[in-house]
Amino acid sequence: MTLKEYMELPYRMEIVPDKEEEGYAVTSLELSGCVTCGATLLESLVSNAENTKKKWLIAAIEDGQEIPGPDGLNEYSGQFKLWIPKSWHCQLSEQSKRVGIGMNQYCLYLYIKE
């Protein structure tokens with residue numbers, strides 16, 4: 001595979017707040033040792049993570065290292081059913097309407113916020 005083909009694969013990245021450096025650390029879950037950091041979430045997520053992944057892949061290709069494929073994320077739809085109390089459903093629905101987004105997006109927001 002070429003570098004371009006590897007860059008297009010859906011490798012997973014984990015973003016973790018770094019309280020000591022007051023920024024974020026981004027680690028590739030499949031590409032061992034592929035780690036970067038940034039001052040802001042957007043900087044870490046978009047710019048540094050892709051740049052670091054590219055450098056990691058170039059080094060691996062040059063060294064003839066076997067590069068793992070992304071974990072089977074394509075096997076998952078990103079959707080699942082969750083049964084919650086009706087009162088929670090009502091609260092989530094009303095709160096999402098107040099902020100002007102769909103309930104699924106609002107639940108993601110709440111999950112990421114924590």
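Please read these numbers as outputs of a predicted model, since none were measured by experiment.
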Legend entry - Note: Lys4-Glu8 ion pair, threshold 4.0 Å (strictly below): yes
Legend entry - Distance-minimising heavy-atom pair for Val26 and Ala49: CG1-CB, 3.8 Å
Legend entry - Inter-residue atom distance Cys34.SG - Met13.CE, 0.5 Å rounding: 4.5 Å
Inset, instruction - Nearest 0.5 Å please: distance from the OG1 atom of Thr27 over to the CG atom of Leu29. - result: 7.5 Å
Inset, instruction - Please examine the side chains of Met1 and Leu9, heavy atoms only from C-beta on, and report whether any two atoms are closer than 4.5 Å. - result: yes
Inset, instruction - Evaluate whether atom CD of Glu5 has more than 12 neighbouring non-hydrogen atoms of other residues, nucleotides or ligands under 6.0 angstrom away. - result: yes
Inset, instruction - State whether the side chain of Trp56 and the backbone N or O of Ser32 hold a donor-acceptor pair below 3.5 Å, judged by distance alone. - result: yes
Legend entry - From Leu31 atom CG to Tyr11 atom OH, the distance as rounded to the nearest 0.5 Å: 5.0 Å
Legend entry - Distance (rounded to the nearest 0.5 Å) between Glu62 CD and Leu3 CG: 9.5 Å
Inset, instruction - For the pair Glu30 (side chain) and Arg12 (backbone), establish whether a donor and an acceptor sit closer than 3.5 Å, ignoring hydrogens and angles. - result: yes
Legend entry - Gap between atom CD1 of Ile101 and atom CE of Met103 - 0.5 Å precision: 11.5 Å
Legend entry - Atom pair OG (Ser28) and CG (Leu57), whose distance is rounded to the nearest 0.5 Å: 8.5 Å
Inset, instruction - Please check if the side chain of Asp63 supplies one atom and the backbone of Gln65 the other of a donor-acceptor pair under 3.5 Å. - result: no
Inset, instruction - Output, in order, the C-alpha distance, side-chain angles, deciding distance and verdict of side-chain contact (heavy atoms from CB on, under 4.5 Å) for Tyr6 and Ile61. - result: CA-CA 10 Å; Tyr6 278 117; Ile61 290 168; 4.1 Å; yes
Inset, instruction - Kindly indicate whether the side chain of Thr36, heavy atoms from C-beta on, has any atom under 4.5 Å from the side chain of Asn51. - result: no
Inset, instruction - Evaluate the side-chain proximity of Tyr24 to Asn48: yes if any heavy-atom separation is below 4.5 Å, no if none is. - result: no
Inset, instruction - Over all heavy atoms of both residues, which pair between Pro10 and Pro70 is shortest? Give the atoms and the distance, please. - result: O-CB, 3.5 Å
Inset, instruction - Please answer: with hydrophobic residues joined when any side-chain heavy atoms are less than 4.5 Å apart, are Met7 and Ile58 in the same cluster? - result: yes
Distance-only donor-acceptor pairs under 3.5 Å for side chains of residues 82-98, two or more places apart:
{"residue": "Gln95", "atom": "OE1", "partner": "Tyr106", "partner atom": "OH", "Å": "3.2"}
{"residue": "Ser96", "atom": "OG", "partner": "Leu92", "partner atom": "O", "Å": "3.2"}
{"residue": "Ser96", "atom": "OG", "partner": "Ser93", "partner atom": "O", "Å": "2.9"}

